[in-house]
Amino acid sequence: MSIDFANELNSAQLEAIMHQGSPALVIAGAGSGKTRTIVYRLARLVQDGIPPENILLLTFTRKAAQEMLLRAGTILGRNLSGTSGGTFHSFAFGVLRRNARCLGFDTGFTLLDRADSENVVKEVKDSLALGKGDRSYPKKNTLLDMITKSRNKERGIDSIVENEAFHLSSYAEDFQSIADGYTTFKQRHALLDYDDLLFRFEELLLNEPSLLEELRTRYRHIMVDEYQDTNKVQARLVRRLSGECGDVVAVGDDAQSIYAFRGADVANILDFPKIFKDAKLIRLEKNYRSTQAILNLTNHILAGAQTKFDKHLYSDRQNGALPRVVHPLSDQTQAKQVVEEVIKLAKKYPLHEIAVLFRAGYQSYPLEVALSRVGIGYQKYGGLRFHEAAHIKDVLAYLRLLRNPADLVAWRRVLAPIKGVGPKTADRIANARLNGDEKYMAKTLKRFPDLKQLFNHLDSLSHATRPGQALEQIAAFYQPMLAELYPDDYPKRQAGLDQLSQIAINYSTIDDFLADLTLDGDQEEEVRKENALVLSTVHSSKGLEWKAVLIIDLVEDRFPSKRALARPEDLDEERRLLYVACTRAKDSLTLFVPATIYNRFNAVSEPATPSPFLAELPADCVEIWREGYASGLNKDRAQARNNDNSALESLNANITADDPSPSPTDPSRLGMCRHKIFGQGKIVAHIPPNKYRINFPGFGLKVIVADYLEML
DNA sequence: GTATAGTCACCTTAT
DNA sequence: GTGACTATAC
């Protein structure tokens, strides 16, 4: 069966799928049929006689790769399972595992997930006696952030701190010592973190020319999806694997770059033609996903960016409803409004074609409560992961020890439930067992009789090679501890363990099972609900699409996130994030702007400023609705957007007047101020309780928390 | 060194 | 309502 490609694709897409034999960069706007293009190119290559084994497809999630391979297989009517597909990290892991000896890991190695890494970092910090008794000392999360940012951006920690966390500059030296200690710890216990996978892979390719040759011979055709979100080392890996003029097709969209915080470098896209000789450039600009009404809005969002994008999406779908901006009275009523909106939309679309998107995982909590109350099933993407739950990690620790007896992180977990054994004793026991210190072991076994059982259990496990089988034994051993450790919700956790066993059955090696869990958190989707509303962070929504999209909490501090705005260019990333969110919608787009946000710190609702990205939008590209105190939602007939701010400010004024705390709008303070990043600026307005709107020459209007300002 | 009860500050985003 | 840290007693 031959496929009529010309009939299935537009001319730019066709050009992309027919390209072969040299590097090409496909700049694919949102909804421009990027996935379709990759899928058809896969199919085209195989149809033209390329063995699937010679193709490498690198994507952002493993699921994306699987779906593309499945679709290509369906088109061709044959199985493409021979194709290598996955994330950079999982591909790197596979190669590293097969060559563990070249890395100096003779007894295997194990992976650290984010939480593991944080705990190691904290341990190192404590062992160096840094920040003792200092409550305001940077937390493990911040410490690891600095360390991995430094590695991903390939700049010194001091430079990262100076640029992105200037308030921590006095700790820069500490951070360096902690980073060094962290590296040493990982080496000593045969542990790799996410970043190590990429860098050790690169090292391996440099040190083992025969391996590089082998990989090059095998992977003659490389495709890389979401190229705008690759970092420097990933770009070098592609270059090294493909060679300067190999058959490599990178697909991406500079306007959708949303992982700069992780070291992603848009320059990779821009430099592609420099790094790869005679790279062909192909642009996909026609949008097949959204209505023109939605694209009008997304084009406006992008137009406000400081970094200009050469992008203007267009669609044939002219008859679309205007995107709606809904102003609920508070974030609590917002949840109610979203539920009502979902109920209405559900009459038109299946639930899984409707998504609610948000900036950060916690923002969906009130909504989750409201949904449960009315019995609407939902599936959440992003936020806490299945395998991060304590009981899952407990059980996995036994498996880790089987593969890497030096894994101290796992030892601590396994030993922790034994009464009388704390972190110190756990370390000692682990070391004694590793070094065969019989004397200490005998002594300790006498003191902690439970240890005997644990060791017997571990010994019996060592015969198990398949993860399903091993997990069965572990679950039996862990059972009594589960009930003891988690008396409140232990049935629920038991169900989680059963689910884990189900997943494990599909794997033939423990290494792959463990790696997939840490490298690809959404395993639980295998038991995904059939028809459920989708809740997702914007980051996790990348590459997906729905008939109807609702975005919540579009207010200053939340979207854009106040945590994300350390440097001027960070605002653009937040803007691109909103762009990604809005371009997920095919037919219907609704933006929620609550007038107040509940503040847990002082347990009151505080007035919120609408997201600056919305304030810029021309009045005719959206329809505005407001929630009244008594009357529910009303359409804003006048569309008097300019009154918006004044109404809000009078609301603010009222609240401030009732507030006994000091610092209301004081005209004498509305002078000049200085900000570490934006420089000197004129204060335009005070936004109670603690923010100012300031005009910074060159940067425009910004809302800044008073703590970050020096008043002049 | 460990267990436990109490106090205080806190939630980006994710391979 | 929780996780991270401290003080106190075993």
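All chains are named by letter (A, B, ...) in the order of the sequence lines, taking the proteins before the strands, and each is independently numbered beginning at 1.
- Summarising the geometry, the separation between CD1 on A/Ile418 and C1' on B/dG1 is reported as 15 Å, rounded to the nearest angstrom.
- Not less than 6.0 angstrom separates the ring centroid of A/Phe358 from the ring centroid of A/Phe592.
- Across the protein-nucleic acid pair, A/Gln228 atom CD and B/dT13 atom P stand 20 Å apart, rounded to whole Å.
- Ring pair A/Phe261/A/Tyr259: centre-to-centre distance below 6.0 Å.
- Within a 6.0 Å sphere centred on CZ of A/Arg155, heavy atoms belonging to other residues, nucleotides or ligands number more than 12.
- Closest to the A/His89 side chain, of the nucleotides C/dC5, B/dT15, B/dG1, is B/dT15.
- Rounded to whole Å, the distance from NZ on A/Lys139 to C1' on B/dA9 is 7 Å.
- If you take atom C1' in C/dC5 and the same atom in B/dT12, they sit 23 Å apart, rounded to whole Å.
- Residue contacts shown for A/Lys140 are limited to sugar-phosphate atoms, with no base heavy atom under 4.0 Å away.
- Contacts of A/Lys542 with the nucleic acid, taken as non-hydrogen atoms under 4.0 Å apart, are absent.
- Judged by distance alone, the side chains of A/Glu368 and A/Tyr378 do bring a donor and an acceptor atom under 3.5 Å apart.
- You'll find that the side chain of A/Arg114 is closest to B/dT15, out of B/dT15, B/dC11, C/dC5.
- Distance check on atom P: C/dA4 versus B/dT13 gives 16 Å, rounded to whole Å.
- With DNA chain B read from its 5' end, the first of the two nearest nucleotides for A/Leu577 and A/Ala426 is the one closest to A/Ala426.
- Taking atom C1' in both C/dT6 and B/dC11, one finds a spacing of 23 Å when rounded to whole Å.
- As rounded to whole Å, 15 Å separates atom P of B/dC11 from atom CZ of A/Arg359.
- In this structure, A/Arg262 does not reach the B/dT12 phosphate: none of its side-chain N or O atoms is under 4.0 Å from OP1 or OP2.
- Checking A/Tyr219 against A/Ser84 by side-chain atom types alone, a donor-acceptor pair falls below 3.5 Å.
- Regarding contacts with the backbone of B/dT12, every side-chain N or O of A/Thr537 stays at 4.0 angstrom or more from both OP1 and OP2.
- Across the protein-nucleic acid pair, A/Leu357 atom CG and B/dT13 atom P stand 14 Å apart, rounded to whole Å.
- A 6.0 Å sphere centred on NZ of A/Lys139 holds more than 12 heavy atoms belonging to other residues, nucleotides or ligands.
- Distance A/Phe358 CZ to B/dC11 P: 18 Å, rounded to the nearest Å.
- In this entry the distance linking OH of A/Tyr137 with C1' of C/dT6 reads 19 Å, nearest Å.
- In the set B/dC11, B/dT2, B/dT12, B/dT12 carries the atom at the smallest distance from any side-chain atom of A/Ala360.
- The aromatic ring centroids of A/Tyr171 and A/Tyr137 lie less than 6.0 Å from each other.
- Closest approach to the A/Tyr194 side chain among B/dT13, B/dG1, B/dT15 is made by B/dT15 (side chain taken as heavy atoms from C-beta onward).
- Counting only Watson-Crick and G-U wobble pairs whose two distances sit under 3.5 Å, DNA chain C takes part in these stems of three or more pairs: B:1-9 with C:2-10.
- Evaluation of A/Tyr259 against the base of B/dT13 yields no stacking contact (centre distance < 5.5 Å, interplanar angle < 30° required).
- Rounded to whole angstrom, the span from the NZ atom of A/Lys125 across to the P atom of C/dC5 amounts to 5 Å.
- Note on A/Ser540: every side-chain N or O is 4.0 Å or more away from OP1 and OP2 of B/dT13.
- Checked against the 6.0 Å centroid threshold, A/His89 and A/Phe60 do not count as a close aromatic pair.
- Between A/Thr518 and B/dT15 there is no side-chain polar atom (N or O) within less than 4.0 angstrom of OP1 or OP2.
- Residue-level contact check: A/Arg447 touches neither bases nor backbone, having no heavy atom under 4.0 Å from any strand.
- A/Ser257 and A/Asp254 share no donor-acceptor pair across their side chains, judged by distance under 3.5 Å alone.
- For A/Glu574 and A/Gly420, each mapped to the nucleotide of DNA chain B holding its nearest heavy atom, the one lying further toward the 5' end belongs to A/Gly420.
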